[in-house]
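Beneath this line is the structure, given in structure tokens, with notes to follow.
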Number of protein chains: 2
Amino acid sequence: MTNQIIQELIDRYVTVSFQVHKKAESLIKGKIGDDLTNDQHYILRYISQSRECTSSELADAFEVNKSAITAIINRMADKGLIKRTRDENDRRVVYLTLTDEGNILYQNCQEKIQFLVESIITQFEESEIKNFINTYEKLAQILDKKKKEELGE
Amino acid sequence: MTNQIIQELIDRYVTVSFQVHKKAESLIKGKIGDDLTNDQHYILRYISQSRECTSSELADAFEVNKSAITAIINRMADKGLIKRTRDENDRRVVYLTLTDEGNILYQNCQEKIQFLVESIITQFEESEIKNFINTYEKLAQILDKKKKEELGE
DNA sequence: GTGAATAGTTAAACAGTTGAACTAAATTAG
DNA sequence: CTAATTTAGTTCAACTGTTTAACTATTCAC
């Protein structure tokens, strides 16, 4: 690739990734409504998909400090959406689970988001969207490696 | 596409887009350092690329309220990075420009981010990354249309 | 058993966001 | 030409998310 082509690709990538993220967040927010923030919805998703979810795991996945997770979980626990349970074997560990109320709210939002994403994905050819997601996943791996490199320096 | 395939694609997409966004933000933050937030850096980028940038335009691009932009611009103007200039023809309008200091800081960060993105992009075959960005841009358009549909309802 | 590591919390400080109320200027409609 | 409406932007209160540093409580390693 020539320098010029690379410059152009960088510019297009930076612009479009920003735009897509902002637009997607905005659409999802419209679906979720005022009961949850997007982050909170994603945390409910993460907890419901993980077998034994802890604050540290969330902090890792979200790439934020554990205290940021504590704050979010506090708010959601106050609203009765999440329950904390101490591990009896290692009493430092706290497992996070959805309450019934949290689960109902999550499923409700999830369904709407599912519809939204489906209505978007199905506008692409199957091969195009599959290639897209494949590259996206490769990108995630590369970013992960990059992150570890930077930390290792 | 069968329902099952669609479900799987939705799940992969939601997961990977979240991951890539978090990882990319985290890497960029590492490059920018403590002088700017990622949002602030992107605002500098936007202003420096736009000929006559206003708060309303930024609010539109960022999909947030104008008052959110006012708050960000206030902080950056206080730090001497951005200058406000009233339009003499339409005195409601305020144009935003970078100060020299703002421009130097921006260029400095921009260079590092450029290197970062380049080191990532060049790990893909030219055709793969081009296809990826093409689909990404198509996605941006679809999301835009979707947004307008939702507003129109 | 003592010192280091781990899981999580707390508190202060700040960035980002919303919604509503506001100012000031421009546009439009009668 | 005035009055009502729209537009650009700001202010304020309230809230979410984040970081950093200091802290508690527990477990691990030697």
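Computed over heavy atoms, backbone and side chain alike; hydrogens, waters and symmetry mates excluded. Note on naming: letters A, B, ... go to the chains in the order of the sequence lines (proteins, then strands), and numbering restarts at 1 for each one.
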* Asked: Below 4.0 angstrom, N of the basic side chain to O of the carboxylate: do A/R91 and A/D87 qualify?
  -> no
* Donor-acceptor pair, side chain of B/S50 and main chain of B/I47, under 3.5 angstrom -> no
* **Salt bridge flag under 4.0 Å for residues A/K29 and B/E63** => no
* In residues 60-79 of chain B, what residues come within less than 4.0 Å of DNA chain C, judged by heavy atoms? -> B/V64, B/N65, B/S67, B/A68, B/A71, B/I72, B/R75
* Do other residues, nucleotides or ligands put more than 12 heavy atoms under 6.0 Å from the NZ atom of B/K83? -> no
* To do: Name all residues meeting the salt bridge (charged side-chain N to carboxylate O under 4.0 Å, His left out) criterion together with B/K31; count only those two or more places apart in sequence or in a different chain, and write none if there are none.
  => A/E150
* Structure fact -> To the nearest 0.5 Å, atom CG of B/L139 lies from atom CG of B/N134 at 12.5 Å
* Does the side chain of B/R84 get closer than 4.0 angstrom to OP1 or OP2 of D/dG9 through an N or O atom? -> no
* Considering only heavy atoms, which members of residues 86-101 of chain B lie under 4.0 Å from some atom of DNA chain C? -> B/N89, B/D90, B/R91, B/R92
* Asked: Would a 4.5 Å heavy-atom cut-off, applied to side chains only, mark A/Q19 and B/E137 as touching?
  -> no
* **A/F62 and B/F18 aromatic centres sub-6.0 Å** => yes
* **Residues that A/D90 engages under salt bridge (charged side-chain N to carboxylate O under 4.0 Å, His left out), provided they are two or more places apart** => A/R92
* Residues B/D11 and A/R45 bridged, charged N to O under 4.0 Å -> yes
* **Nucleic acid contacts - residues 27-44 of chain A versus DNA chain C, non-hydrogen atoms under 4.0 Å** => A/K29
* Asked: Is any side-chain N of the basic residue among A/E101 and A/K79 closer than 4.0 Å to the acidic one's carboxylate O?
  -> no
* What is the 5' to 3' range of DNA chain C, first to last nucleotide, that sits under 4.0 Å from any heavy atom of chain B? -> C/dA15 to C/dA26
